[in-house]
Number of protein chains: 2
Amino acid sequence: MMREFKRKARVLLIDDNSDHLRGIKELVTLESSFDVVGATTSANLGINLAKKYRPDLILMDINMPEKDGLQAIQEIEKLDLGCRIIALSGYDDSDLIFRAMKIGAKGYILKTMASAQLIYAMDEVASGKVYLPSALSSRFFEYFQDSYKEENAISEEENLLTYLTGREEEVLELLTQGNNYKAIAGKLFISETTVKTHVNNIFQKLQVNDRTQAVLYALNNGFANRKRAKLTA
Amino acid sequence: MMREFKRKARVLLIDDNSDHLRGIKELVTLESSFDVVGATTSANLGINLAKKYRPDLILMDINMPEKDGLQAIQEIEKLDLGCRIIALSGYDDSDLIFRAMKIGAKGYILKTMASAQLIYAMDEVASGKVYLPSALSSRFFEYFQDSYKEENAISEEENLLTYLTGREEEVLELLTQGNNYKAIAGKLFISETTVKTHVNNIFQKLQVNDRTQAVLYALNNGFANRKRAKLTA
DNA sequence: CATTTCCTCCATCCAAGGATTTACATCACA
DNA sequence: TGTGATGTAAATCCTTGGATGGAGGAAATG
């Protein structure tokens, strides 16, 4: 590893602002560790270039009018070309950052940042790491934690699922898999009428009128989570 | 802000290893910017101390036999005391890190880390930031992105939902809210028989046998996401 | 021991759901 | 202009689902 000479990382630049694109290109070209294999102002063209050249690294502006940069990232990720993508943006919007990372961006940097930082980020990402400026990673975590708050709030207070008996949970699980009475009876080795009894009890306890509502209640109130928790405990 | 004298952050320490607990306590006590208001080897006791003293900062060992530290974090977060919690762990397990951050930890540090780094992390978190050592944040992001890969893979390839007409989507949405034929007819101002027609078409297109399966297909294949995407587009 | 909870099962009845076919109006697009 | 896709609607027939009440056995709990 130490003696291995460092291959230049091949970079593709996508930014609809041609001035900015030119600027970045010059900057990156000057850098000995990178090799710019393409630069375009069109997201669609960029996707094609990515397919063609399979760069190691892609710098993608995500604030483009024509085609959403996030969508472009998603499409490239789907192609599974092994490119690592850094999102470029003018805004440190936490929702944007979150969405970019969610769909697979390995870095997120602001256009206002110093060029040295851009190069540093590119080095990091090219070497397999993930790069988020600390200011942005804070925002990211805030958003991340917010987005899970509701989910954690589940099971909270009165969750009607807690009133179900073991057998009723089994039946409900099979319901949440789309089984009808007959199928459930078969899988639990009990009669169909017994299943009906259980299902009726479930309806009473969950205060719903039919199986679909029961299934929805279960899914919306962490039924899967609850079970996972029990299993891992 | 600059002239404001910095109030000492009040800290609660929870670690079932009494030796380690004592060590941390000494270390933190020496630090002029912190005030140790409590230290205990019991998670349950720790929760009570948190309620009583409402510390600014909690250092919580998450590898405890008696009670799971993650669970303790969750309980404290539910109390909404305004404490910021740092998870302490011996392992840099990405799943653990992810779960800790998910339930609201504002930092995650390894017991093997230098004490200076611990103090730095405490300072950062106490001042409202989130702290993850860069090595761990890489792991976190890997896990984060993995956990969304499936979700992004949806809509991929053949998603039967794409074959639905606009009206069918409306009907399906009402189905996913637990409505029966009559309710749907009422909400869409069409006859019940028409709803049946649509629903039957939906079943055909989604290749399912009943409404529950249709709802499950919709939910599992990003029906909500799809709609959100359309709305924001 | 008595009581309760849970699981099992049945019968009955009615409502709702689902399959199939046919039909007509509209609209877009070739 | 007509051909296809869509949205609307109905009739029919059968299946499934859901409500209700009753009942017995097993196990736990007091």
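Treat the numbers as computed from the prediction; the structure is a model and nothing was measured. In what follows, chains are A, B, ... by sequence order, proteins preceding strands, each numbered from 1.
- Comparing D/dA10, C/dT8, D/dA19 by their nearest atom to the side chain of A/His198 picks out C/dT8.
- A/Leu175 places its CG atom 9 Å from the P atom of D/dG17, with the value rounded to the nearest Å.
- Of the candidate nucleotides C/dG18, C/dG17, C/dC9, C/dC9 has the atom lying nearest to any side-chain atom of A/Thr194.
- If you check distances only, the side chain of A/Thr197 does reach the base of C/dC9 with a donor-acceptor pair under 3.5 Å.
- Residue B/Tyr217 forms a side chain to side chain contact (heavy atoms under 4.5 Å, CB included) with just one option from B/Ile202, B/Leu172, B/Asn159, B/Thr212, and that option is B/Asn159.
- If you take NZ of A/Lys205 and C1' of C/dC7, they are 11 Å apart, rounded to a whole angstrom.
- Checked against a 6.0 Å centroid threshold, the rings of A/Phe98 and A/Phe141 do not count as neighbours.
- In this structure, A/Leu13 and A/Lys25 approach most closely via the heavy-atom pair CD1-CA, 3.5 Å.
- Closest to the side chain of B/Tyr181, from the set C/dG17, C/dT8, D/dG17, is C/dG17.
- Rounded to whole Å, the distance from CG on B/Asn209 to C1' on C/dG17 is 13 Å.
- Of the candidates C/dC10, D/dG18, D/dA10, C/dC10 carries the atom nearest the A/Ser191 side chain, counting heavy atoms from C-beta on.
- Where A/Thr212 and B/Leu188 each meet DNA chain D at their nearest nucleotide, the meeting point lying more 5' is that of B/Leu188.
- The listed nucleotides are D/dT16, D/dT8, C/dC9; the one nearest the side chain of A/Asn180 is D/dT16.
- Judged purely by atom type and a 3.5 angstrom limit, B/Arg84 uses its side chain to pair as donor or acceptor with the backbone of B/Val125.
- Among D/dT6, C/dG18, D/dA10, the nucleotide with an atom closest to any side-chain atom of B/Thr165 is D/dT6.
- Rounded to whole Å, atom P of D/dG18 lies 13 Å from atom CG of A/Leu206.
- Distance B/Asn201 CG to D/dA9 P: 14 Å, rounded to the nearest Å.
- Taking 4.0 angstrom as the limit, A/Asn200 places none of its side-chain polar atoms (N or O) nearer than this to OP1 or OP2 of D/dG18.
- When the C1' atom of D/dC14 is taken as reference, atom CG of B/Asp210 falls 16 Å away, rounded to whole Å.
- Considering only side-chain N and O atoms, B/Arg167 lies nowhere under 4.0 angstrom from the phosphate OP1 or OP2 of D/dG7.
- Note: CZ (A/Phe203) to C1' (C/dA15) measures 14 Å, nearest angstrom.
- Each of C/dG17, D/dA10, D/dG7 was ranked by its minimum atom distance to the side chain of B/Lys196; first place goes to C/dG17.
- In this structure, A/Ile202 atom CD1 and D/dA19 atom P are separated by 12 Å, rounded to whole Å.
- For A/Phe144 and B/Phe144, the distance between ring centers is under 6.0 angstrom.
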